[in-house]
Amino acid sequence: MAKKDQWTSKIGFILAAAGSAIGLGAIWKFPYMAGANGGGVFFLLFILFTVLIGTPILLAEFVIGRRAGADAVTSYKILAPHSRWHWIGYLGTVVSFIILSFYSVVGGWILSYLARSVTGSLIGKSQEQYGALFESIIANPKEVLIAQFAFIVITILVVQGGIQKGIERASRYMMPALFILFIILVIRSLTLDGAMEGVRFLLLPDWSYLNGETVLLALGQAFFALTVGLSVMVTYASYLSKEDSMPRSAISVSSLNIFISLLAGLVIFPAVYALGFKPDEGPGIAFVVLPAVFNEIAFGGIFLTVFLILLLFATLTSAFSILEIGVAALSKGNQNKRVPFTWLIGILVFIAGIPSALSFGVFDEFLIGGKNFFDFADYITSNFGLPVGALLISIFVSYRLKREDVWNELQSGSSISRGLFNSWIFLLRYIVPVAIILVFIS
């Protein structure tokens with residue numbers, strides 16, 4: 001299939017792929033997971049598993065996408081004709097749809113907070129009042145639906161522009177801005193009195209927290225932070241030039257993901273410790289604890305606005321990639337079909353996300369297996385969809401594809417040695433499946 005769109009440069013691809021990986025998982029989820037699981041030990045394990053588990057699967061998705069040069073479903077049909085391997089692509093497309101349906105709800109929460117922060121109405125409250133505010137926002141049906149719709153529309157407007165004019169152009173501005181804003185916040189956080197206690201918590205392992213549960217949680221965080229298993233990176237890599245080095249790109253994306261997680265920790269934990277809060281506040285740390293933290297420092301309103309803009313950028317760049325997998329699967333590279341299919345899928349995602357948006361208010365009594373719509377969508381995608389997809393991808397590349405074909409694809413644009421190649425295949429065949437099964441069982 002002839003590709004009608006392509007990344008204009010290697011850095012454009014890396015920024016877009018990193019933007020896909022660096023979302024709520026790195027900035028929102030990592031701090032509260034690390035805070036509840038010992039800080040330094042969790043971070044060390046997270047780095048280890050990102051390198052040994054996440055990166056090999058990421059590279060496997062790159063190989064599938066660039067070799068086939070097609071969308072997530074068609075790629076498997078091209079590489080394994082007359083088989084059922086293309087169901088991996090269908091699985092990734094469906095799981096991506098479900099993820100974006102509730103992911104957009106959180107994006108809407110961020111927009112609601114950002115609007116309040118810009119008007120100055122977020123500053124001057126107690127931590128209890130911030131908790132009550134968060135609960136009132138997510139329970140307000142009108143506000144959450146309007147905010148969710150606004151987030152979806154922003155995502156649609158970017159993705160409909162295609163790879164070069166839409167996703168790559170937005171990522172080229174958003175990702176550098178994200179890093180700059182993060183550095184500003186890190187500097188401010190580290191200059192607070194008592195900040196070093198938070199730094200020690202994040203960087204110095206407390207081995208008393210090293211147990212089976214912490215290991216599995218860190219493995220899960222590393223696994224899901226890169227969003228591997230959706231075939232999103234299969235779609236992104238299909239637009240990649242044969243002259244670009246996929247191993248270097250995979251390492252770059254993983255390194256940026258670790259770096260952003262580190263920066264998120266250096267923003268949150270020094271500030272939390274300096275101002276007497278607890279590091280294990282849980283998922284509400286971004287919406288409840290951080291506003292209270294910024295409220296206690298000079299120019300806190302400005303810094304809170306900066307953080308929310310940063311969080312919005314990270315959430316949007318992930319949403320771009322998640323929406324793109326469905327758009328690419330339907331448009332098949334036909335740019336004339338991209339705009340209508342982008343709007344069609346985007347609106348369907350919004351409709352599918354309405355139950356999740358209303359889960360904490362109107363639909364709070366409607367439960368599936370003891371979980372509301374939002375939590376259930378998160379549960380089935382995180383604990384079933386992603387692990388199964390990643391497991392199948394690792395098996396597909398290491399067992400189904402011809403080893404020489406994989407070797408030739410990796411050699412295009414890079415000079416990877418046979419030793420490294422064999423080590424990667426070994427990880428995909430034996431280590432990665434066992435690790436994924438452990439996470440799946442847990």
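Reckoned from all heavy atoms, side chains included, excluding hydrogens, waters and symmetry mates.
In plain terms, the two heavy atoms of Val349 and Gln148 that are nearest each other are O-NE2, 4.3 Å. The shortest non-hydrogen separation linking Ser96 to Gly92 is OG-O, 2.7 Å. Here the closest non-hydrogen pair linking Leu217 and Met33 is CD2-CE, 3.8 Å. Smallest separation of non-hydrogen atoms from Pro433 and Leu428: CD-O, 3.1 Å.
With hydrogens and angles disregarded, no donor-acceptor distance shorter than 3.5 Å links the side chain of Arg400 to the backbone of Ile395. Listed for the Thr235 side chain is no donor-acceptor partner under 3.5 Å among the backbone atoms of Ile325. With Ser412 contributing its side chain and Asn408 its backbone, the two residues share no donor-acceptor pair below 3.5 Å. The backbone N or O of Leu185 sits nowhere less than 3.5 Å from a side-chain atom of Ser189 that would complete a donor-acceptor pair. Proximity of a side-chain donor or acceptor of Asn257 to a complementary backbone N or O of Val253 within less than 3.5 Å is not detected. A distance-only check finds no donor-acceptor pair linking the side chain of Trp343 to the backbone of Ile156 [under 3.5 Å]. A donor-acceptor distance shorter than 3.5 angstrom exists from the side chain of Ser414 to the backbone of Leu410, with no hydrogens or angles considered. Between the Ser75 side chain and the Ala72 main chain, no donor and acceptor come within less than 3.5 Å of each other.
Between Phe269 and Tyr273, the ring center distance fails the sub-6.0 Å criterion. Checked against the 6.0 Å centroid criterion, the rings of Phe421 and Trp407 qualify as a close aromatic pair. For Tyr236 and Phe62, the ring centers sit 6.0 Å or farther from each other.
Other residues, nucleotides and ligands contribute at most 12 non-hydrogen atoms within 6.0 Å of the CZ atom of Arg84. Environment of CD in Glu213: sparse, with no more than 12 heavy atoms of neighbouring residues, nucleotides or ligands closer than 6.0 Å.
A heavy-atom distance below 4.5 Å is found between the side chains of Ser231 and Tyr76. Residues Phe97 and Leu348 form a side-chain contact, since some pair of their non-hydrogen atoms from C-beta on lies under 4.5 Å apart. Within the 4.5 Å cutoff, side-chain heavy atoms of Thr93 are placed close to those of Val73. For the pair Val144/Val105, no side-chain contact is recorded, criterion being any heavy-atom separation below 4.5 Å from C-beta on. Side-chain contact check for Val215 versus Leu210: some heavy-atom pair is nearer than 4.5 Å. Within the 4.5 Å cutoff, the side chain of Asn422 has heavy atoms near those of the Arg403 side chain. Side-chain atoms of Thr155 and Ser104, non-hydrogen and from C-beta on, never get closer than 4.5 Å to each other. Side chains of Lys337 and Leu330 form no contact here, defined as non-hydrogen atoms less than 4.5 Å apart.
The distance from the CD1 atom of Ile53 to the OG1 atom of Thr50 is 9.5 Å, given to the nearest 0.5 Å. For the atom pair CD (Glu409) and CD1 (Ile64), the distance works out to 11.0 Å, reported to the nearest 0.5 Å. To the nearest 0.5 angstrom, Ser112 atom OG is 10.5 Å from Leu308 atom CG. With rounding to the nearest 0.5 angstrom, the OG atom of Ser394 is 12.5 Å from the CG atom of Leu59. Atom CD1 of residue Ile322 and atom CD1 of residue Ile345 lie 13.0 Å apart, to the nearest 0.5 angstrom. Leu312 CG to Ile110 CD1: the interatomic distance, rounded to the nearest 0.5 Å, is 6.0 Å.
Aromatic ring pairs are classed by plane angle as parallel below 30°, tilted from 30° to 60° and perpendicular above 60°; the pair Phe151 and Tyr103 is tilted. Ring geometry for His86 versus Tyr90: interplanar angle over 60°, hence perpendicular rather than tilted (30 to 60°). Using cut-offs of 30° and 60° for the angle between ring planes, the Trp109 and Phe287 rings count as perpendicular. Ring geometry for Phe42 versus Phe30: interplanar angle of 30 to 60°, hence tilted.
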Review point. Checking side chain to side chain contact (heavy atoms under 4.5 Å, CB included) for the pair Val106/Phe374: CA distance, chi angles, key distance, verdict?
Key: CA-CA 10 Å; Val106 182; Phe374 182 97; 3.7 Å; yes

Practice item. Determine, stepwise, if the pair Leu114 / Val118 fulfils side chain to side chain contact (heavy atoms under 4.5 Å, CB included). Key: CA-CA 6 Å; Leu114 182 58; Val118 170; 4.2 Å; yes

Practice item. Take Thr214 and Asn211, measure what side-chain hydrogen bond (donor to acceptor under 3.5 Å, both in side chains) needs, and give me the verdict at the end. Key: CA-CA 5 Å; Thr214 302; Asn211 54 51; 3.0 Å; yes

Practice item. Would you please test Phe396 and Leu79 for side chain to side chain contact (heavy atoms under 4.5 Å, CB included) and show each step? Key: CA-CA 10 Å; Phe396 179 76; Leu79 298 179; 4.0 Å; yes

Exercise for review: List the steps, then state whether side chain to side chain contact (heavy atoms under 4.5 Å, CB included) holds for Ser261 with Gln221.
Suggested key: CA-CA 11 Å; Ser261 297; Gln221 176 64 22; 5.6 Å; no

